[in-house]
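Atoms within each ligand, like the ligands themselves, are counted from 1 in listed order. Model, not experiment: these values are computed from the prediction.
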Amino acid sequence: MQRLLVTGGAGFIGSNFVHHVVAHTDASVTVLDKLTYAASREALAGLPADRVELVVGDVADEAAVDPLVAGHDAVVHFAAESHNDNSLADPSPFIRTNLVGTFTILEAVRRHDRRLHHVSTDEVYGDLALDDPKRFTEDTPYNPSSPYSASKAGSDHLVRAWIRSFGLRATVSNCSNNYGPWQHVEKFIPRQITNVIDGIRPKLYGSGENVRDWIHAEDHSSAVLTILERGTLGETYLIGADGEQSNLEVVRLILTLMGRGADEFDHVNDRAGHDLRYAIESGKLRSELGWRPRFSDFEAGLADTIRWYEEHEDWWRPAKAATEASYAAKGQ
Ligand code: NAD
Ligand code: DAU
């Protein structure tokens, strides 16, 4: 696979994936990205110009998508509106990008008979009870809670329908919560790190007992590349790194690693429809494709991430005040 089209490649995980591909393969990459508020050109800086090109465009725009898909061997589809809280405030861009955008990609991939990998989320499965011994598997029924997760669930269903009805050469992955460099300050971990840097107390939604299954973005990238190269066409793979932590535990760890008292946080208004717990069973990806995460020590990965935000204030600072103002307006 020499020519890859990576949608959403200027976002948090997509940009990590582009760096990963350049470092670990000989492929050339075209990024198709609308450059929304969540994108950053800086995350793609330093990549070799003869191997990586950025095309600014919308995945829901057929005229932009069709020739790009035609000119590449495979498409890795990351582009999405990705933040649950935003989807509660205004679902419309989520429907357009995540559903119409995926439909547009699928039709182009079908017309030109290209390989597709669709990147999705564990949120399509809804949530688990805190004491449930089960984790999500590829067979867990879909039960999304938010406009974001429902739009991603719909996009997964579209991909599977195109596989079954049209024989599309595609795979799907559903991953748990990512952390690492270049994540927008609206998201939980960067928000709390940058709050502490600014002398603001971290904000926990509701009780803070909600559990997320954390994985480093670099491990998500290596898993997606593994599936693209060796995955069985038509199959879905869950991606996770056994990183379950309650939000309370994560906030306390951030505070401690940043030299503050572990209880120097505030409880704020809960998220509507807030999922309680996500947990991934990634045995299929590990046993069938031999994938393993590299970042198995969450505390060490979090410490690196804190250092990265301390050293990259120029990057996150422009988005911080408006993000906090928007949360403050909701009592969060
Ligand atoms: P992000 O919000 O950081 O980046 C999304 C990127 O998509 C941005 O660069 C944005 O400009 C681009 N984009 C948005 N709308 C577009 C459009 N209409 N056309 C072209 N580009 C558009 O998101 P992320 O956290 O990097 O997530 C990437 C993908 O991974 C998403 O599909 C998301 O559902 C999935 N995912 C994310 C996580 C996570 O923890 N962040 C976990 C599992 C799966
Ligand atoms: O599980 C995968 C999903 O993980 C991805 O599909 C999404 O794109 C990604 O945004 C993420 O969704 P979450 O809603 O889990 O992530 P978020 O960072 O918004 O919140 C993580 C947890 O922290 C969640 O339980 C809500 C809580 N939270 C969030 C913020 C922003 C707080 O307690 N305080 C906060 O300030």
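- The single protein non-hydrogen atom nearest to atom 18 (O) of ligand 2 is Phe188 N, 2.9 Å, given as residue, atom name and distance.
- Counting only heavy atoms of the protein, atom 15 (N) of ligand 1 lies nearest to Thr97 CG2, 3.4 Å.
- Taking any N or O of Thr121, backbone or side chain, at least one lies under 3.5 Å from an N or O belonging to ligand 2.
- Contacts of Lys187 with ligand 2, taken as heavy-atom pairs under 4.0 Å, involve both backbone and side chain.
- Within the structure, ligand 2 has His274 among the residues with a heavy atom less than 4.0 angstrom away.
- Of the candidates Asp33, Asn16, Val31, it is Asp33 that places a heavy atom closest to atom 8 (C) of ligand 1.
- Closest heavy-atom approach to atom 19 (O) of ligand 2 among the candidates Arg271, Glu209, Glu186: Arg271.
- The heavy atom nearest to atom 1 (O) of ligand 2, considering only Asp122, Ile13, Asn174, is found in Asp122.
- The proximity of Pro93 to ligand 1, defined as any non-hydrogen pair under 4.0 Å, does not occur for either the backbone or the side chain.
- Residue Lys152 touches ligand 1 through its side chain alone, judged by heavy-atom distances below 4.0 Å.
- Residue, atom and distance of the protein heavy atom nearest to atom 2 (O) of ligand 1 are Ser82 OG, 2.7 Å.
- At least one N/O-N/O distance between Tyr148 and ligand 2 falls below 3.5 Å.
- Closest to atom 34 (O) of ligand 1 among all protein heavy atoms lies Tyr148 OH, 2.7 Å.
- Looking at Asn177, Asn86, Asp85 and measuring to atom 4 (O) of ligand 2, the nearest heavy atom belongs to Asn177.
- Closest heavy-atom approach to atom 5 (C) of ligand 1 within the set Gly180, Gly8, Ala80: this belongs to Ala80.
- The protein atom (non-hydrogen) at minimum distance from atom 3 (C) of ligand 2 is Glu123 OE2, 3.1 Å.
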Verify ring-ring contact (aromatic ring centres under 6.0 Å, His included) between Trp315 and Trp308, making sure each step is shown before the conclusion.
CA-CA 11 Å; Trp315 176 73; Trp308 190 89; 5.6 Å; yes
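- Not a single heavy atom of Ser15 lies less than 4.0 angstrom from ligand 1.
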Worked check of side-chain contact (heavy atoms from CB on, under 4.5 Å) between Glu123 and Phe136:
CA-CA 10 Å; Glu123 297 197 6; Phe136 298 139; over 6 Å; no
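- Residue-level proximity to ligand 2 for Lys152 is absent, since no heavy atom of it falls below 4.0 angstrom.
- Proximity of Leu35 to ligand 1, defined as any heavy-atom pair under 4.0 Å, is confined to the backbone N, CA, C and O atoms.
- Aromatic ring pairs are classed by plane angle as parallel below 30°, tilted from 30° to 60° and perpendicular above 60°; the pair His83 and Tyr327 is perpendicular.
- Heavy atoms of Ser120 found under 4.0 angstrom from ligand 1 belong exclusively to the backbone.
- Less than 4.0 angstrom separates some heavy atom of His83 from each of these atoms of ligand 2: 19 (O).
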